[in-house]
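First the proteins, then the strands, lettered A, B, ... as listed; each starts at 1. Every heavy atom of this structure was used, including side-chain atoms; hydrogens, water molecules and symmetry mates were not.
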Amino acid sequence: MNIIEIKGLKKDYPLGNTVVKALRGIDIAVEEGEFMSIVGPSGSGKTTLLNVIGCIDFATEGSVKVGDREITVLNDRQITDIRLNKIGFIFQTFNLIPVLNVIENVEFPLLLMKNQSRTEIRRRADRLIGEVGLTEFAEHRPAELSGGQRQRVAIARALVTNPDIVLADEPTANLDSVTGAAILELMKEMNRIEKTTFVFSTHDANVLKYARRIVKIKDGLLSDN
Amino acid sequence: MMLLVRLSLRNLFRQKRRNVLLGSAMALGIMILIVANSFSHGISDIIFNKIMPYVAGHVAVRFNEKGGVMAEIFRDKARALAAVANEPLIERTDESVGFFMRAIGNGKADNIILVGADTTRGVSKKELKELEESFKMVDGTWKDLETTAVENAAILSTDKARYLNVKKGDVLRIRFRNMFGQDQAARLNVVGIVKNSNIFMQSVVFVEQRRAKDLLGYRSYETASLNLRIKNPQKNSRIIADRIHSRLKPGLAYIQGTVSNKNKEQTVVVFGYKSDDDSKEKFSKKLKITDGTLENALKKNGVVLCRPLARALGAAAGDEISLRYDRKFEPEPARFACKVSAVCEPTEGLGENVVVMNDDKFYNVYYESLPKNDDATPPAYLPKEGDAWYALLSPEWILLKRTANTDEYTKKYKEMGKKKRKSTLIDVSTMYETASDILKLEGVLNLITLSAVLVLFFIILLGVVNTLRMTIRERTREIGTIRAIGMQKNDVRNMFVLETFFLTVFSAAAGVVGGFAVMGLLKQMTFNMSDNPFGMLLVDSHLHFVPTVLGVLGNVLLIVLVAVLTAYFPARRAANLSPANALRHYE
Ligand SMILES: Nc1ncnc2c1ncn2[C@@H]1O[C@H](COP(=O)(O)OP(=O)(O)OP(=O)(O)O)[C@@H](O)[C@H]1O
Ligand SMILES: [Mg+2]
């Protein structure tokens, strides 16, 4: 089953008097449980594509279906709900909440969902932190962690809600190659145990060997699979 | 919700320096506002709760015989008391017996105010507490005033005692001219020393009420001005004052007596005529003189008889006749002689057996010895209100108009001072009008501090907006992140509003604590202002603050509300950021 279906996606950014055509007609389908990579040079539209898939940016044209729902017609409240319930994000710059410690950061999305008890939330967060190997750092604030540790927290946070899709925009770009490899191993491992669909972008050819499917993007167009 | 609270609290402590700065400004504003508010309220408290009730009561009924400032006397105590009787809202009625005089102590002399203190009647617990707060006995007790072991037991203030160099057991000699113009001297025996909280009371020397009245020349059936204590004075004073005022409407003053000339006697009614120029002119138009002269009739001791009465008495102008009448409060009849100035034709509305005399002379007789008029058989011709004669004849007293505020009140007394009055003046006023300027002062003080604080508030608000903008800019990517993760717009907005809310609440709390601390400190300081009118604003030489729950809470609520409202708009802007743009944000 296709968890993501995109047809004729175009995205324009107005820039002064001109328009930047970041995506120029993209068709793609992603199956449930895939571990897919989007590769392309800088400025090719990777972030833009992931943002549209992740419902944090809107298509200028075309249709975007996430989990069978056409998102281009939803209002902000509904889209926010989809982000919360269906999608997990991993960012290049980790983007943890600095005032919350590791466990609180991981619990954060669950608290927003407001449909589980405190103990359930704590149990789930503990499990995820265990899976990313940070149990002994649970009480640390992000500032007290290394880059790799931060990204592990981000992975735990992205997965804690049990989302349909995890989107990772250059998750290893801010890490050295050894740590980056470890992170990708971890993502792959999570993909295996949680059966979660992973889509991640990169411009680093070294990273590609982890992907089971690779999509190339250039100048806002997919070249070939 | 808990999540939002936690986030905003933690974020608040993130930018410590910035928020501490802004918070201090807010705390300072609140502090100033509370201190200033409590101070101006304290002034009103001093005036209305610590001074006025003792000096003039909540409502004062003042008597000034012949308009004399010092002559606070009304000759018919029972009648005065009847006007304030049967009013459950009047907690107590006091005669205010007080007089300026010279006192000589041990080698030192000074002016004092002799005040009658009613120690014999019971006082309520509440009154006792207030009394003890204002007057602390240093030596002796109030009950010592009643002693008969020494002549004229007196209690005076520590300051006066020091100045006059007297202590308990010493003698004070006093000299004064009483309200009837007679020079008097007496001795007071100091039986107690009292420390009073307000310099207003420092010149006061207390003597037992009845003894004070004796010393000053009051007779037992005469009363001084009345001070009334009212239940819930702020609400009831004016109502009570109006009611008493309406009960004190005067009638015409007249004497039923017997006039004799040689061996002839006639029962007569004696009236006074008003001797101001306007009334005199009208009066002379009514007279058809048949004997004597109009000029004499209008003189200070002018006496006019009706022709039938003159004939019956065989009296002519220039004859000395004598008048005799029963007195209301004394057993022997009053007698006095007067010279007939003129005889006139009987005039309509006044009857024939009538003597009319200049009010100057009339009131002298009338007030000195109030007549025991026969109410059962009033004079056949007694002009009623609206009659032509009524306006020309002397009333029992003059009742001054009620006034609404200090301006009107002082204007009333100024106008009164211009005219020379022959009769007793009665004024009914509440402390809120005699001292309405104080209330105004409180309002003005509050307004000044409020406007100063409004400026401060404005600066604070700029601070709030500015701080919030900085914060939002710094946290743009964070906003993008939490929006991406799935926090709703409104929650983002509320998070920032809450942050400001907590900052303001903490600052306000600090401001309140600080305000009370400052007041505590200021209260510790002693000011020596005994010869300065500002001393009036002190209690026991200390500043007096009366913070009110309403004042404190009101100010805190105000600043919190304003700050939250100001924070709302930048917070909403932050919430409306597109998550994608927020995530791309780069400083
Ligand atoms: N907010 C924006 N306004 C204008 N142009 C934009 C905006 N965001 C992206 N672009 C443009 O859109 C194109 C695609 O950008 P995008 O960030 O998707 O590239 P990318 O493949 O993620 O690059 P990188 O590997 O450097 O992150 C670029 O040419 C970029 O300049
Ligand atoms: Mg990118």
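- For the pair B/Leu583/A/Thr47, no side-chain contact is recorded, criterion being any heavy-atom separation below 4.5 Å from C-beta on.
- Heavy atoms from other residues, nucleotides or ligands lying under 6.0 Å from CZ of B/Arg573 number 12 at most.
- For a residue to count as touching a neighbouring chain, one of its non-hydrogen atoms must lie under 4.5 Å from one of that chain's; by this rule A/Phe91 touches chain B with the side chain only.
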List the steps and the verdict of side-chain contact (heavy atoms from CB on, under 4.5 Å) for A/Thr93 and B/Arg477.
CA-CA 10 Å; A/Thr93 47; B/Arg477 267 213 283 165; 2.9 Å; yes
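- Of the atoms belonging to A/Asn95, heavy atoms from both backbone and side chain fall under 4.5 Å from chain B.
- Your options are A/Asp76, A/Ile97, A/Leu100, and the one with the most heavy-atom pairs under 4.5 Å with chain B is A/Asp76.
- In A/Arg69, the CZ atom is not crowded: 12 or fewer heavy atoms of neighbouring residues, nucleotides or ligands sit closer than 6.0 Å.
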* Take A/Leu111 and B/Arg6 through the test side-chain contact (heavy atoms from CB on, under 4.5 Å) and record every step on the way to the result. => CA-CA 12 Å; A/Leu111 290 171; B/Arg6 192 183 336 153; 3.9 Å; yes
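- No more than 12 heavy-atom neighbours from other residues, nucleotides or ligands sit within 6.0 angstrom of CG on B/Leu550.
- Residues of residues 478-495 of chain B that come closer than 4.5 Å to chain A, counting heavy atoms only, are B/Glu478, B/Thr481, B/Ile482, B/Arg483, B/Ala484, B/Ile485, B/Gly486, B/Met487, B/Gln488, B/Lys489, B/Asn490, B/Asp491, ordered by residue number.
- No more than 12 heavy atoms of other residues, nucleotides or ligands lie within 6.0 Å of CZ in B/Arg469, so this atom counts as exposed by the packing criterion.
- Using a 4.5 Å cut-off between heavy atoms, A/Asn85 makes no contact with chain B at all.
- The 12-atom threshold is not exceeded at CD of B/Gln234, counting heavy atoms of other residues, nucleotides or ligands nearer than 6.0 Å.
- Contact residues of residues 554-566 of chain B toward chain A are absent (heavy-atom distance under 4.5 Å).
- B/Arg584 contributes atom CZ, which lies 7.0 Å from atom CG of A/Asp57 (distance to the nearest 0.5 angstrom).
- Residue A/Thr48 touches chain B through both its backbone and its side chain, counting heavy-atom pairs closer than 4.5 Å.
- Looking at A/Ile82, there are no atoms closer than 4.5 Å to chain B (heavy atoms on both sides), in backbone or side chain.
- For chain B, the nearby part of A/Tyr13 is the side chain; its heavy atoms alone come within less than 4.5 Å.
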